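Below you'll find the structure, written out as structure tokens, and then a few comments.
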Amino acid sequence: MHHPVEIVEVAPRDGFQSIAAPIPTKAKIEIIEGLIDAGLRRLEIGSFVSPRAVPQMADMPDIARHFRSDSRARLSVLVPNAKGAEMAMTHGLREIVYVFSVSEAHNQNNVRQSVQQSIDGLANVVSAISNEPDFRLRVDLATAFDCPFDGAVPFDAVRAAIERVTDLAPACEIALCDTTGRATPFAVQERMRAVQRLAVPPSCTWAFHGHDTYGMGVANAFAAYQAGIGVLDVAAAGLGGCPFAPGATGNTATEDLVYAFLNSGISTGIDLVSLLLVADRIAAIPDAKVASHLRNVPRAAMQERMRQP
Ligand code: COA
Ligand code: ZN
């Protein structure tokens, strides 16, 4: 018996942040609407970060305002500090993704502070959201496999980070992020199994966030799934790449991973025909760097297969 899968769409955050020229807010909103219409039920719709660090996210308040009372999907935003958490709450979000890196060098490059400072920041975030009932917290552990500056990241460093996170936030979803896309399926399977053997509070759950830089995206996501992980991050059209991780390209394409689950008996709830139309729209954004297999297959040839839920 297969376990369920929850596909988390991150193109509006991990993808849009990789494009320097401002994408019109209206276009961003229409794309997010299209993704929800295609059946995505969890989406990262952007980030509350310093507009100097990521100018593309400067319109986050407008996007959050648009989706303020939207109950069709779980919408979250990435934050690097308590200020971001406060802004998310002010703008009606019910879920945040707090990010820091397991490796010092990437954390410095990404959020301009040490890992210890980020962990202290998580304490502030937990306290900021503590009076909000039913507010969800996810923690993204960036560079949980490999760092663009330091290379391979040892499991001990990941375990230490997880211990600190669960001490501060016993009820959260923790995502191991393959920021560079250099992880391989066996390594993903092993590490995702290993974290599930750690003694963590029962309300702590797991997710995998992979990139397709080396073409391992679907295989890695599937390896995580087979290791027991039900929550998988992807980006429509494979848009993306962390601007603070040199060489990293897009996330695994949502359409490619959804295709992998076809005819498996495991429902993703996503309509591939509609999703591909949104992916096409994303690919047409000027300067968008996309990578998807399914978008290149003639549509008519697989229409019947694609229509299966
Ligand atoms: N949301 C919006 N604005 C924020 C913010 C947030 N979460 N955090 C800080 N700011 C603003 C500050 O108010 C300040 O604005 P001002 O100059 O107009 O006063 C400015 O950003 C700089 O703030 P400071 O606290 O000095 O931060 P910093 O310059 O040391 O940068 C971060 C630290 C974490 C805020 C910044 O590096 C950042 O936002 N990084 C995110 C990177 C990212 O998104 N990476 C990709 C995702 S993994
Ligand atoms: Zn990413």
Side-chain angles (χ1 to χ4, degrees), residues 8-20 43-64 76-91 93 96-103 105-115 117-122 124-125 128-129 138-148 175-183 188 207-214 216-217 220-221 224 231-236 238-254 289 291:
V8 183
E9 173 60 54
V10 301
R13 194 278 297 172
D14 218 359
F16 289 170
Q17 75 182 14
S18 69
I19 298 175
L43 298 94
E44 255 178 60
I45 60 168
S47 51
F48 280 111
V49 295
S50 161
R52 251 182 292 153
V54 188
Q56 186 62 263
M57 292 297 157
D59 60 356
M60 194 61 240
D62 298 326
I63 294 171
S76 65
V77 286
L78 179 132
V79 305
N81 53 21
K83 182 182 168 103
E86 300 279 4
M87 290 178 82
M89 285 187 292
T90 305
H91 290 89
L93 269 302
I96 54 170
V97 177
Y98 181 79
V99 65
F100 72 94
S101 312
V102 176
S103 67
H106 187 260
N107 206 54
Q108 283 290 352
N109 210 267
N110 195 30
V111 293
R112 321 209 69 74
Q113 55 191 12
S114 67
V115 173
Q117 285 170 315
S118 278
I119 287 164
D120 295 343
L122 175 60
N124 296 334
V125 165
I129 64 176
R138 183 214 248 215
V139 175
D140 267 10
L141 293 181
T143 64
F145 297 84
D146 177 83
C147 168
L176 266 61
C177 303
D178 177 22
T179 306
T180 60
R182 281 194 203 134
V188 169
F208 174 72
H209 173 105
H211 281 254
D212 198 31
T213 321
Y214 289 73
M216 294 294 110
N220 283 347
V231 180
L232 305 171
D233 286 8
V234 282
L239 181 72
C242 175
F244 306 96
T249 60
N251 293 78
T252 309
T254 312
K289 288 187 194 64

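Computed from a predicted structure; not experimentally measured. Just follow the structure's listing: the first ligand is 1, and inside any ligand the first atom is 1. Positions are given from 1 along the sequence.
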Test of proximity, Arg52 against ligand 1: N or O pairs below 3.5 Å: yes

Give the atom numbers and elements of ligand 1 that come within less than 4.0 Å of a heavy atom of Ala53. 36 (C), 38 (C), 39 (O), 40 (N)

Side chain, backbone, both or neither: which part of Ser50 has a heavy atom under 4.0 Å from ligand 1? both

Under 4.0 Å, heavy atoms only, figure out whether ligand 1 is touched by the backbone of Gln17, its side chain, both or neither. side chain

Of the side chain and backbone of Asn81, name the one, both, or neither that has a heavy atom under 4.0 Å from an atom of ligand 1. side chain

Show which atoms of ligand 1 fall inside a sub-4.0 Å distance from at least one heavy-atom site of Pro51. 3 (N)

For ligand 1, which atoms sit closer than 4.0 Å to a heavy atom of Phe48? 1 (N), 6 (C), 7 (N)

Could you tell me, atom by atom, which parts of ligand 1 come under 4.0 Å of a heavy atom of Pro80? 7 (N), 34 (C), 39 (O)

Donor-acceptor pair, distance only, cut-off 3.5 Å: does the side chain of Ser101 make one with the backbone of Ser103? no

Restricting to heavy atoms, the pick from Gln117, Arg112, Met60 nearest atom 30 (O) of ligand 1 would be Arg112

Under a 4.0 angstrom heavy-atom cut-off, which atoms of ligand 1 come close to Gly84? 7 (N)

Ser47 to ligand 1: N or O pair under 3.5 Å? no

Just by distance, do the side chain of Asp146 and the backbone of Arg182 share a donor-acceptor pair under 3.5 Å? no

Work out whether the distance between some heavy atom of Ala85 and some atom of ligand 1 is less than 4.0 Å. no

Drop me the distance from Ser47's OG to Ile63's CD1, to the nearest 0.5 angstrom. 9.5 Å

For the NE2 atom of His211 and the CZ atom of Phe145, what is their distance to the nearest 0.5 Å? 11.5 Å

Is the distance from the Zn ion (ligand 2) to the nearest N/O/S atom of Asp140 under 2.8 Å? no

Among all residues two or more places apart in sequence or in another chain, which pass the side-chain contact (heavy atoms from CB on, under 4.5 Å) test with Lys83? Asn81, Met87

Using modelled atom types only, decide if a donor and an acceptor are shared between the side chain of Thr143 and the backbone of Val102 within a distance under 3.5 Å. yes

Less than 3.5 Å between some nitrogen or oxygen of Leu78 and one of ligand 1, yes or no? no

Out of all atoms in ligand 1, which are within 4.0 Å of some heavy atom of Met87? Include the element for each. 1 (N), 2 (C)

Would you compute the distance between atom CE of Met60 and atom CZ of Phe48 and round it to the nearest 0.5 angstrom? 5.0 Å

Taking only Lys NZ, Arg NE, NH1 and NH2, and the carboxylate oxygens of Asp or Glu, determine whether Asp233 and Arg138 approach each other closer than 4.0 Å. yes

Arg13 touching ligand 1 at heavy-atom level, < 4.0 angstrom: yes

For the pair Asn107 (side chain) and Phe100 (backbone), establish whether a donor and an acceptor sit closer than 3.5 Å, ignoring hydrogens and angles. no

Check whether Thr252 reaches the backbone of Val234 with its side chain - one donor and one acceptor, N or O, closer than 3.5 Å. no

By side-chain contact (heavy atoms from CB on, under 4.5 Å) - contacts of Met216 (at least two apart): Pro185, Tyr214, Asn220

Nearest option to atom 42 (C) of ligand 1, as decided by whichever heavy atom of Val49, Thr179, Asn110, Val111 sits closest: Asn110

Does ligand 1 have any atom that is closer than 4.0 Å to a heavy atom of Val54? yes

Pairwise distance CG(Asp62) to NE2(His91) - rounded to 0.5 angstrom: 8.0 Å

Consider every N or O of Lys83 and every N or O of ligand 1, then say whether any pair is closer than 3.5 Å. yes

Could you check which N/O/S atom of Asp14 is closest to the Zn ion (ligand 2)? OD2

Geometry at the Zn ion (ligand 2) - His211 NE2 versus His209 NE2 angle, rounded to 10 degrees: 100°

Can you check whether Asp14's main-chain N or O pairs, donor with acceptor, with Glu44's side chain at less than 3.5 Å? no

